[in-house]
Amino acid sequence: QLQASGGGLVQAGGSLRLSCVASGSVFGVNAGSWYRQAPGKRRELVAVTTSGGPTEYEDSVKGRFTISRDNAKNTLYLQMNSLKPEDTAVYYCAAQSAGASYYSIPSKWGYWGQGTLVTVSS
């Protein structure tokens, strides 16, 4: 139900914009998020946006990444600037969390995209 795209190979310092299109209005009034998973590491929360509420970011991406949503298009975005090699990972979008207390728990999200690979070369 979620289709992520926009990943690719980019040099350090470059930018990418990820998109996540929902087949229905799952983003609607629900929270939407981006996670990432690097090889050998756990899936970690990168950014969360709530409808009409604040956005939250993982500390290492603050000031570089921006999460946004277009409810009319049922689409979630992640603008990534000043990319670093440590940002290399598969990025996943997710929708409909069990609640604000559970944003960082992957199993508490109801819908997931298939993942898009971001590779940042040094």
Side-chain angles (χ1 to χ4, degrees):
Q1 198 163 2
L2 301 181
Q3 183 72 34
S5 62
L9 174 63
V10 63
Q11 288 188 332
S15 298
L16 285 173
R17 188 174 83 153
L18 306 183
S19 299
C20 176
V21 180
S23 58
S25 58
V26 293
F27 289 122
V29 296
N30 298 310
S33 68
W34 288 96
Y35 274 75
R36 66 186 178 187
Q37 188 166 18
K41 295 188 177 181
R42 295 191 305 176
R43 193 169 296 191
E44 66 172 356
L45 180 64
V46 174
V48 177
T49 177
T50 59
S51 180
T55 55
E56 300 178 13
Y57 296 93
E58 194 270 327
D59 286 345
S60 69
V61 307
K62 286 180 180 177
R64 300 189 297 122
F65 290 11
T66 303
I67 188 171
S68 62
R69 60 199 290 162
D70 185 335
N71 287 342
K73 295 182 178 180
N74 296 323
T75 303
L76 186 71
Y77 301 99
L78 185 68
Q79 178 66 44
M80 305 185 295
N81 299 328
S82 302
L83 283 161
K84 304 176 180 180
E86 51 264 42
D87 294 319
T88 295
V90 177
Y91 284 71
Y92 299 90
C93 55
Q96 200 173 79
S97 170
S101 299
Y102 304 102
Y103 286 163
S104 63
I105 303 176
S107 63
K108 295 297 187 179
W109 290 85
Y111 299 95
W112 286 91
Q114 84 287 4
T116 184
L117 176 62
V118 172
T119 303
V120 184
S121 62
S122 58

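This structure is a prediction, so every number in the text was calculated from the model and none was measured.
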Spacing of CD belonging to Q3 relative to OG1 belonging to T116, to within rounding of 0.5 Å: 9.0 Å

Closest heavy-atom pair and its distance - L9, S121: CD1-CB, 4.4 Å

Rounded distance (nearest 0.5 Å) linking atom CE of M80 with atom CZ of R17: 11.5 Å

Any R43 side-chain heavy atom under 4.5 Å of W112 side chain: yes

Summary of disulfide (SG to SG under 2.5 Å) pairs that have at least one residue in residues 80-122, sequence neighbours excluded: C20-C93

Value rounded to 0.5 Å, distance of CG in L16 from CG in L78: 9.5 Å

Y57-W34 co-clustered via ILVMFWY side chain contacts under 4.5 Å: yes

Distance flag, aromatic centroids of W109 and Y103, threshold under 6.0 Å: yes

Short side-chain donor-acceptor distance under 3.5 Å, N74 and S25: no

Nearest-0.5 Å distance that lies between atom CD in Q79 and atom OG1 in T66: 7.0 Å

Any donor-acceptor pair under 3.5 Å from T55 side chain to T49 backbone: no

Shortest non-hydrogen contact between Y35 and V46, atoms and distance: C-CG2, 3.9 Å

Minimum-distance pair of heavy atoms, taken over all atoms of A22 and L2: CB-CD2, 3.6 Å

In one Ile/Leu/Val/Met/Phe/Trp/Tyr side-chain cluster, 4.5 Å: Y77, V21: no

Least distance between heavy atoms, S82 atom then S15 atom: N-OG, 4.3 Å

V90 with L45, same ILVMFWY side-chain cluster at under 4.5 Å: yes

Smallest separation among heavy atoms of Y92 and Q114, with atom names: CE2-O, 3.6 Å

Reported OG-to-CD distance for the pair S122 and Q11, which is rounded to 0.5 angstrom: 9.5 Å

Nearest heavy atoms of K73 and T75, plus distance in Å: O-OG1, 2.8 Å

Distance, nearest 0.5 Å, that separates CG of D70 from CZ of F27: 11.0 Å

Positive for side chain to side chain contact (heavy atoms under 4.5 Å, CB included) with R36, one of D87, L18, V118: D87

